[in-house]
Amino acid sequence: MQEFFIVEKPGQGEIVEKKSRFIAHVLPIQSEEEALAHIERIKKQYWDARHNCFAFIIGRNNEIQRFSDDGEPQGTAGKPILEVLTNGNIHNTLIIVTRYFGGTLLGTGGLVRAYGQSAKAGLENALVMRVCEGVRFELICDYNSIGKIKYIMGQMSISAEEEYGADVILHINMKRSDFEKFQSQVVDATSGKAVWGVTEITQYKENIEK
């Protein structure tokens with residue numbers, strides 16, 4: 001699978017351009033109905049603003065794409081917001097940008113830049129995560145081996161749910177691209193004594209550096 005990005009936690013950003021305020025809200029969504037409910041809520045919250053423009057994308061392959069200029073000149077608001085999402089390969093996300101008019105016309109180019117920059121400002125304050133192919137499995141080891149395995153996991157930034165009984169069972173979800181290296185190191189460290197459960201292909205989410 002090709003990697004893509006999602007918004008895990010909402011964010012808000014604001015810029016001011018020639019006294020016009022542009023307030024961006026970035027929200028994770030799973031359906032068009034959810035997106036429309038958020039848009040209606042933001043419009044009520046900023047009822048005195050001149051414009052509440054938005055764009056959203058839903059689906060792994062961008063099956064649903066919607067945007068609105070909400071009274072701004074055509075192509076100057078919703079489309080630049082949408083392009084921030086498409087250019088960033090960001091899925092299942094809604095960005096609403098509220099504008100309070102500052103009295104000075106910005107022109108077509110100025111509006112495009114302002115809406116795009118405000119959308120980016122909102123994303124910078126949201127928790128954006130990379131989604132890539134992962135593997136989920138159980139790793140069973142004895143108490144003499146757990147320290148060595150956890151050291152390797154720490155070096156590779158791998159986390160697990162731990163279950164202690166007669167042996168130690170680690171429930172791991174990690175990037176598939178790191179699996180071969182991890183498996184090799186664990187086999188070496190435990191002299192092949194660790195027992196590997198069935199490997200299931202899944203999705204893996206990780207934080208991205210900003």
Side-chain angles (χ1 to χ4, degrees), residues 1-132 203-210:
M1 63 174 281
Q2 295 293 320
E3 70 175 27
F4 58 95
F5 299 87
I6 61 170
V7 171
E8 187 76 2
K9 292 183 181 178
Q12 182 177 333
E14 180 177 337
I15 69 167
V16 177
E17 185 70 26
K18 295 182 180 178
K19 298 183 179 181
S20 280
R21 290 177 63 204
F22 294 83
I23 307 165
H25 287 80
V26 179
L27 299 154
I29 54 172
Q30 297 300 322
S31 68
E32 188 167 5
E33 290 75 19
E34 185 181 2
L36 296 175
H38 281 307
I39 293 165
E40 188 63 27
R41 174 177 60 81
I42 294 295
K43 284 185 175 182
K44 288 180 179 178
Q45 181 179 348
Y46 296 97
W47 58 270
D48 56 340
R50 179 167 291 192
H51 306 283
N52 286 281
C53 307
F54 66 83
F56 61 85
I57 292 178
I58 300 172
R60 176 63 188 89
N61 297 307
N62 299 342
E63 288 87 353
I64 300 175
Q65 298 185 40
R66 303 282 188 271
F67 63 89
S68 170
D69 295 313
D70 193 34
E72 293 282 29
Q74 185 175 357
T76 62
K79 190 173 181 180
I81 300 170
L82 182 67
E83 287 177 350
V84 170
L85 293 172
T86 56
N87 291 342
N89 196 17
I90 301 170
H91 297 253
N92 293 346
T93 299
L94 162 69
I95 301 180
I96 309 168
V97 179
T98 299
R99 181 191 181 190
Y100 284 93
F101 183 56
T104 302
L105 296 176
L106 300 183
T108 300
L111 287 171
V112 169
R113 285 191 299 273
Y115 278 102
Q117 288 172 2
S118 56
K120 291 177 182 177
L123 277 171
E124 287 174 359
N125 293 319
L127 176 58
V128 180
M129 303 192 77
R130 178 186 290 110
V131 180
C132 58
Q203 288 186 347
Y204 178 80
K205 296 189 292 186
E206 64 177 348
N207 290 325
I208 60 173
E209 296 182 0
K210 296 185 178 181

For this session: Indicate the atoms forming the closest heavy-atom contact of Glu3 with Asn89, along with that distance.
Result: O-ND2, 2.9 Å
Problem set entry | Inter-residue atom distance Lys120.NZ - Asn125.CG, 0.5 Å rounding | 14.5 Å
For this session: Any chance you could measure Arg60, atom CZ, to Ile6, atom CD1, to the nearest 0.5 Å?
Result: 11.0 Å
Exercise. Distance-only, no hydrogens or angles: does the Asp69 side chain make a donor-acceptor pair with backbone N or O of Gly75 under 3.5 Å?
Worked result: yes
For this session: Compute the ring centroids of Tyr115 and Phe22, then answer whether they are less than 6.0 Å apart.
Result: yes
Exercise. When rounded to the nearest 0.5 angstrom, what distance separates OG in Ser68 from CD1 in Ile81?
Worked result: 9.0 Å
Problem set entry | Sole residue of Leu123, Leu27, Leu127, Asn92 in side chain to side chain contact (heavy atoms under 4.5 Å, CB included) with Val7 | Leu123
For this session: May I have the step-by-step check of salt bridge (Lys or Arg N to Asp or Glu O under 4.0 Å) for Glu72 and Arg99, ending in yes or no?
Result: CA-CA 10 Å; Glu72 293 282 29; Arg99 181 191 181 190; 2.9 Å; yes
Problem set entry | Gln2 atom CD, over 12 foreign heavy atoms within 6.0 Å | no
Problem set entry | Pairs flagged by salt bridge (charged side-chain N to carboxylate O under 4.0 Å, His left out) wherever residues 4-16 is involved - sequence neighbours left out | Glu8-Lys205, Glu14-Arg21
For this session: List in chain and number order the residues that pass side chain to side chain contact (heavy atoms under 4.5 Å, CB included) with Gln117, two or more places apart in sequence or in another chain; answer none if no residue qualifies.
Result: Ile15, Arg113
For this session: Measure across Gly78 and Ala55 and return the closest heavy-atom pair with its distance rounded to 0.1 Å.
Result: O-CB, 3.6 Å
Exercise. Is there a donor-acceptor pair closer than 3.5 Å between any side-chain N or O of His51 and the backbone N or O of Asp70?
Worked result: yes
Problem set entry | Nearest non-hydrogen partners of Thr76 and Pro73, listed with the distance | OG1-O, 2.6 Å
Exercise. Going from CD1 on Ile95 to CZ on Phe67, what distance comes out if it is rounded to the nearest 0.5 angstrom?
Worked result: 14.0 Å
For this session: Find out whether Thr104 and Lys19 are in side-chain contact, i.e. whether some heavy atom of one side chain is under 4.5 Å from a heavy atom of the other.
Result: no
Exercise. For Gln30, does its backbone N or O pair with a side-chain atom of Glu34 as donor and acceptor, under 3.5 Å?
Worked result: yes
Exercise. Yes or no on side-chain contact (heavy atoms from CB on, under 4.5 Å) for Ile58 and Glu63, after CA distance, side-chain angles and deciding distance?
Worked result: CA-CA 6 Å; Ile58 300 172; Glu63 288 87 353; over 6 Å; no
For this session: Might you work through the side-chain contact (heavy atoms from CB on, under 4.5 Å) test for Phe4 and Gln203, ending with a clear yes or no?
Result: CA-CA 11 Å; Phe4 58 95; Gln203 288 186 347; 4.0 Å; yes
Exercise. CD1 of Ile42 to CZ of Phe54: how many Å apart, nearest 0.5 Å?
Worked result: 12.5 Å
Seminar exercise, completed: One should read off an interatomic distance between Leu94 CG and His25 NE2, to the nearest 0.5 angstrom, of 10.5 Å
Exercise. At their closest point, which heavy atom of Asn52 faces which heavy atom of Lys43, and how far apart are they?
Worked result: CB-CG, 3.9 Å
Exercise. How about Thr93 and Phe5: do any of their side-chain heavy atoms sit closer than 4.5 Å?
Worked result: no
Exercise. Taking the six-membered ring where the residue is Trp, are the ring centres of His91 and Phe56 under 6.0 Å apart?
Worked result: no
Exercise. Which pair of heavy atoms, one from Ile29 and one from Ala35, lies closest together, and at what distance?
Worked result: CD1-CB, 3.7 Å
Exercise. Taking all atoms of both residues into account, what is the closest heavy-atom pair of Ile90 and Ile57, and its distance?
Worked result: O-CD1, 4.1 Å
